[in-house]
Protein chains: 2
Amino acid sequence: MTTPELSQRIIAAALDQFGRLGFDAASTRDIARASGVAMSSITYHFGGKQGLYLACADQIAVVIGAVHRPLMDAIEADPPRTPQDARAGALALLENFARFMLAPESEIHCQFIVREQQHPTEAFERIYEHMMSPVLETATALLAIALPHRDERERRALVISLVGMAIVLRVGRACVARVLRVDDIDAQTADFLLASLRRSALTLLTED
Amino acid sequence: MTTPELSQRIIAAALDQFGRLGFDAASTRDIARASGVAMSSITYHFGGKQGLYLACADQIAVVIGAVHRPLMDAIEADPPRTPQDARAGALALLENFARFMLAPESEIHCQFIVREQQHPTEAFERIYEHMMSPVLETATALLAIALPHRDERERRALVISLVGMAIVLRVGRACVARVLRVDDIDAQTADFLLASLRRSALTLLTED
DNA sequence: GTCTATACTACGATAGAC
DNA sequence: GTCTATCGTAGTATAGAC
């Protein structure tokens with residue numbers, strides 16, 4: 001590719017539009033305008049609106065994958081052997097994810113993904129395969145060490161609940177602020193939420 | 001109103017379109033077609049696309065409000081006095097909500113709400129005020145009885161986590177199925193998820 | 001490889017018949 | 001109160017100049 005940055009600029013603008021508005025409501029005109037290129041360049045580089053959408057899905061997998069990469073690598077390089085270590089690893093993975101859910105950057109990514117979750121298309125498949133599956137299976141493996149006496153299916157359900165505790169910080173953002181009686185979720189409130197989440201998760205990860 | 005059912009038919013079709021596609025992508029033409037009326041009837045009854053959108057928000061508040069009504073009434077009629085009773089009430093409220101999240105009807109409602117949560121408009125305000133706020137504050141009050149020694153702010157954060165554990169069953173539906181290695185979430189899988197959720201919630205609601 | 005120009009379809013709103 | 005007809009705008013895709 002002679003101008004790799006141009007494709008990236010289009011994808012960035014497209015991700016913003018697709019995330020905020022969804023596939024149908026997003027307009028290639030606006031995306032072209034926002035990225036400062038002609039509309040026909042989208043056709044040239046991505047074959048059309050659909051192709052651009054899939055390129056956005058790949059981009060999401062890369063970006064959110066990078067969020068988890070350092071921790072995932074550390075866990076793989078030095079796999080936990082004791083329940084205590086596994087619990088600490090799972091907590092770190094969850095806190096890392098929750099921190100991303102609280103960050104502004106996760107907004108468009110999450111809206112994109114939540115939409116895809118309801119009726120998954122090829123776009124979801126790519127995101128799941130390249131980003132979600134590795135993280136979720138790592139979490140499941142950590143829980144197998146942390147909670148050896150529990151049924152595998154129970155552990156998988158627990159992974160889902162833990163993910164939910166983090167994901168609500170993004171998808172229920174307006175409710176979170178109102179329930180805590182704050183105008184918006186500032187850094188201080190975010191730290192409090194993370195600490196509280198950590199406490200609850202620790203409770204759930206401690207074998208009775 | 002001489003034909004109250006016609007407005008309802010339009011709202012039903014609109015909710016489906018707005019929920020699935022969002023405000024911009026939904027088309028009043030399609031809504032009119034789906035409900036079997038002329039497009040101009042929407043203008044007549046709701047003043048335009050925006051008015052119809054707000055009518056859908058009110059409808060959501062009514063429908064999801066009705067889901068919680070029986071339990072809310074029972075709790076108000078006979079307020080729990082012991083931590084055990086309060087815990088049971090909170091668990092019942094959560095399970096009721098989670099069951100709705102697993103039901104197909106919640107799909108469009110939730111998509112509508114999640115979109116509104118990111119950048120709340122008048123529509124979110126109506127849903128929050130008439131439906132969410134009463135339920136969330138009831139839950140908070142129950143937790144105040146169940147966990148008297150904990151800080152009020154901690155209890156509110158816990159309410160958020162509990163909601164997250166239920167809400168992920170809807171917004172993360174595709175992931176839930178994949179993590180549990182099932183093709184779709186049938187009645188049996190749903191029961192298992194609810195039982196597992198109940199167990200985790202009980203753990204979190206038991207004072208250490 | 002990027003542009004301009006254009007073909008074709010669909011959008012929301014409104015006017016006016018009945 | 002519901003319809004049909006129409007206006008002005010904006011959507012995607014494509015053809016062809018450079």
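Residue numbering restarts at 1 for every chain, and letters A, B, ... go by the order of the sequence lines.
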K.L.:
Do the side chains of Glu116(B) and Arg173(A) get close enough for a salt bridge, i.e. N-O under 4.0 angstrom?
P.N.:
no
K.L.:
Which nucleotide sits closest to the side chain of Tyr44(B): dT2(C), dA15(C), dT2(D)?
P.N.:
dT2(D)
K.L.:
Can you tell me the distance, in whole Å, between the CG atom of Asp24(B) and the P atom of dA10(D)?
P.N.:
13 Å
K.L.:
Among the candidates dT2(D), dC3(C), dG11(D), find the nucleotide nearest to the side-chain atoms of His45(B).
P.N.:
dT2(D)
K.L.:
Specify the separation, in whole Å, of atom CE of Met39(A) and atom C1' of dA15(D).
P.N.:
13 Å
K.L.:
So does Glu95(A) pair up with Arg199(A), basic N to acidic O under 4.0 Å?
P.N.:
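Result for this pair is no, no salt bridge flagged.
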K.L.:
Any chance you could measure Asn96(B), atom CG, to Arg99(B), atom CZ, to the nearest 0.5 Å?
P.N.:
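It is 8.0 Å, given to the nearest 0.5 Å.
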K.L.:
What's Ala32(A) touching, base or sugar-phosphate or nothing? Going by heavy atoms closer than 4.0 Å.
P.N.:
nothing
K.L.:
For Thr43(B), report the nucleic acid contact type (base, sugar-phosphate, nothing); a contact means any heavy atom under 4.0 Å.
P.N.:
base
K.L.:
Name the closest nucleotide to the Ala38(A) side chain, picking from dC3(C), dC3(D), dT12(D).
P.N.:
dC3(C)
K.L.:
Respond yes when some side-chain nitrogen or oxygen of Arg29(B) is under 4.0 Å from OP1 or OP2 of dA10(C), and no when none is.
P.N.:
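Answer no for this pair, as no side-chain N or O of Arg29(B) is under 4.0 Å from OP1 or OP2.
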K.L.:
Please lay out, stage by stage, how Phe112(B) and Phe124(B) fare under the test ring pair (Phe, Tyr, Trp, His ring centres under 6.0 Å).
P.N.:
CA-CA 9 Å; Phe112(B) 191 109; Phe124(B) 179 76; over 10 Å; no
K.L.:
Please report, rounded to the nearest Å, how far the P atom of dA13(D) is from the CD1 atom of Ile42(A).
P.N.:
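Atom-to-atom, Ile42(A) to dA13(D), this comes out as 9 Å.
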K.L.:
Could you give the CZ-to-P distance, from Phe18(A) to dT12(D), as a whole number of Å?
P.N.:
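Those two atoms, CZ and P, are 8 Å apart.
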K.L.:
Consider the side chain of Ser40(B), meaning its heavy atoms from C-beta on, and name the nucleotide among dA15(C), dA13(C), dA13(D) that approaches it most closely.
P.N.:
dA15(C)
K.L.:
Looking at Ser41(A), I'd like to know whether one of its side-chain N or O atoms comes within less than 4.0 Å of OP1 or OP2 on dC3(C).
P.N.:
yes
K.L.:
Quick one: closest heavy-atom pair of Leu158(B) and Arg150(B), and the distance?
P.N.:
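The pair with the smallest heavy-atom distance is CD2-NH1, 3.8 Å.
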K.L.:
Measure CG/Leu52(B) against P/dG12(C) and give the value in whole Å, please.
P.N.:
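Rounding to the nearest Å, CG of Leu52(B) and P of dG12(C) are 10 Å apart.
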K.L.:
Using whole Å, report how far CZ of Arg33(A) lies from P of dT2(C).
P.N.:
19 Å
K.L.:
Expressed in angstrom and rounded to an integer, what is the separation of Phe46(B) atom CZ from dA13(C) atom P?
P.N.:
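Atom-to-atom, Phe46(B) to dA13(C), this comes out as 14 Å.
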K.L.:
How close or far is atom P of dG1(D) from atom CG of Leu6(B), stated in whole angstroms?
P.N.:
11 Å
